Amino acid sequence: MKNVIKSVKGTRDFYPDEMAKRQWLIQKLTEASEAFGYQMYDGPCLETIDLYAAKSGEELVKEQAFVFNDRGGDPITLRPELTPTLARMVASRQNQLTFPLRWWAFGPFWRYERPQKGRTREFFQWNVDQIGSDSIQADAELLAVAATFLRNVGLTPDQVKLYINDRQLMDGQLSKIGISAEQKPVMLHLIDRIDKLPADIWDEKVLAEGLNAEQLKAIRELLENQELWQDSEQMRNLFALLEDLGVEEYVAYDPKIIRGLDYYTGTVFEAHTVNGEFRAILGGGHYANLVGDVGGNPLPGVGFAMGDVVIMLVLEAYGLIPADLVDPETLFVTVFNEDTLTESIRLAGQLRAAGFKVIQAEPEKLAKQFKYADRLGLSRALVLGPEEIEGNTVMVKDLHNFEQVGIDRDKLIEYLYQKV
RNA sequence: GUGCCUGUAGCUCAAUGGCAGAGUACUUCACUGUGGAUGAAGAUGUUGAGGGUUCGACCCCCUCCAGGCACCCCA
């Protein structure tokens, strides 16, 4: 590969086959969103840095956002996440909107990170939020949207699950163990990372925070307790609702789920493969105050985000992405030779007028034309040679079983409709 | 941003410091009215880029670029 200009690090080209996969993904998440009455929205990809500056101290913005000066010298940010944009949009029409809002979005985001598997610098993200309701029912509904999506793409409950926890529950449990308010943020962060660190290292870090051996033991027991949710009325209600919603197979309690983002205040959840092979597929939770930072009145909500990269890796691994490059129902009209080209082009036109998708071949060896159609994954090819023209018929060939039949020209469209 | 690993034909990978190869895919033909097989022939590379050491570098050294693993962070 000589002197081909390179693409930007961490970006991806979407050739037609990848683009078809992206379109398929969009279709699936659109269906899941709309099944619960969520409305699509979007904001700009460019934002002022001020929008994110409100959330000061967050690495996501300070370290990982693309920031540049526009030609007027003003700092511009390529959005690294949608939540601040959503907050601004809600705040600026807070008195006109009908709450609770059920909104969803899909679009590109950028983060200046070290690319690796499942993580790129430019990615697409599905965002779903319900804003203005503080009930546990809203949390359950968001989980059901996510579960519905997982089910619709063909992932089974033994392949992926939504792992759920409650920050308030954990907060109370940490208090019981005697962990101070000052120690809690660090401890929550450590709990979030427990599966990433070797056991002895993790213990060291916990003790370094001033906890004694007894407290360490208590925390480890806490994190092994899969029934901890029974201690929380909220969690009990949530799991009951999830059962009512018919998604109980896709959810599980996990006391180790914390989430990195500080603004989550209640339910938090992440989707993972059950075998733990990939990064988190999606993540979200309940927040108490979405719009306060951008000048609105406090509004609670619950939402989640799913990146396109990991979910596609997972779907690829489980063989769930349809492979068709071109709609297999697209018809392929061959050309016998230069003399019959006109007839073929006219036939193709008539078929398009009747609502079919039609690819028109060029005059070359029929073998090459069939090979081309086969490689595009098409189902049917039409042959219009001298014999067919003479007899006013068209040969319809099934590209999967190699069978072909001659059909009268005036019955052709009806025949093709029946076969679809 | 930190540490480590990798980079050879479209793809998967070979090649003790000594003429860059195989499989597969591709093109053409056997098959001038038919694509999944078979056989024959053909084409394909600045060995990621640039520098250095050497008589000689895919191989050793340096820098950069890209990808991957772990951290950080997170979708």
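Only this structure's heavy atoms are used, side chains among them; waters, hydrogens and symmetry mates stay out. Numbered from 1 within each chain, the chains take letters A, B, ... in sequence-line order. Just so it is clear, the structure is predicted and the values come from calculations on it, not from any experiment.
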Please state the [atom1] separation for the pair [N] and [M] - nearest whole angstrom.
N	M	atom1	answer
B/C60	B/G42	C1'	38 Å
B/A41	B/U47	C1'	27 Å
B/G67	B/A30	C1'	44 Å
B/U44	B/U28	C1'	15 Å
B/C62	B/C5	P	11 Å
B/C55	B/U12	C1'	36 Å
B/U34	B/G48	C1'	44 Å
B/G17	B/U24	C1'	30 Å

Tell me whether the side-chain N/O atoms of [X] come closer than 4.0 Å to OP1 or OP2 in [N].
X	N	value
A/R121	B/A66	no
A/K368	B/U28	yes
A/K9	B/G48	no
A/Q64	B/C74	no
A/K397	B/U34	no

Contact class for [X] (heavy atom, under 4.0 Å): base, sugar-phosphate, or nothing?
X	value
A/Y372	nothing
A/H400	base
A/I311	nothing
A/E388	base
A/T340	nothing
A/F336	base
A/R119	base
A/D192	nothing
A/A305	sugar-phosphate
A/G10	sugar-phosphate

Look at the side chain of [X] and decide which nucleotide, out of [options], has an atom nearest to it.
X	options	result
A/K196	B/G33, B/C73, B/C69	B/C73
A/R375	B/U34, B/U27, B/G68	B/U27
A/F123	B/U28, B/C73, B/A75	B/A75
A/F370	B/C74, B/G33, B/G35	B/G35
A/H189	B/C73, B/C71, B/G35	B/C73

Self-check item: Stepwise ring pair (Phe, Tyr, Trp, His ring centres under 6.0 Å) check, A/F66 with A/W110
Solution: CA-CA 7 Å; A/F66 278 87; A/W110 296 266; 7.8 Å; no
Quiz item: Does NZ or CZ of A/R22 lie under 6.0 Å from the centre of the six-membered ring of A/F124, at an angle within 45° of the ring axis?
Solution: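 Checked: cation-pi criterion met.
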Practice problem: Please evaluate the base of B/U34 for a donor-acceptor partner in the side chain of A/Q369 within a cut-off of under 3.5 Å? | Solution: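 Looking at the base of B/U34, it does not pair with any donor or acceptor on the side chain of A/Q369 (distance under 3.5 Å).
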Quiz item: So does A/E113 reach the base of B/A75 with its side chain, donor to acceptor, closer than 3.5 Å?
Solution: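 By the distance-only test, yes, there is a pair.
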Quiz item: Where does the angle between the aromatic ring planes of A/W229 and A/F239 fall among parallel (under 30°), tilted (30 to 60°) and perpendicular (over 60°)?
Solution: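 Tilted: the ring planes of A/W229 and A/F239 meet at 30° to 60°.
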Quiz prompt | Donor-acceptor contact present, side-chain A/Y417 to main-chain A/A354, <3.5 Å | solution =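 Indeed, once roles are kept as given, a pair shorter than 3.5 Å links the two residues.
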Quiz item: With side chains defined as the heavy atoms from C-beta onward, is the minimum distance between A/Y287 and A/D129 less than 4.5 Å?
Solution: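 SC-SC contact between A/Y287 and A/D129 confirmed.
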Self-check item: Base partner of B/C71, which must satisfy Watson-Crick or wobble distances under 3.5 Å
Solution: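 For B/C71, the partner nucleotide comes out as B/G1, under the 3.5 Å rule.
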Self-check item: Within 6.0 Å of CD in A/Q137, more than 12 heavy atoms from elsewhere
Solution: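 No.
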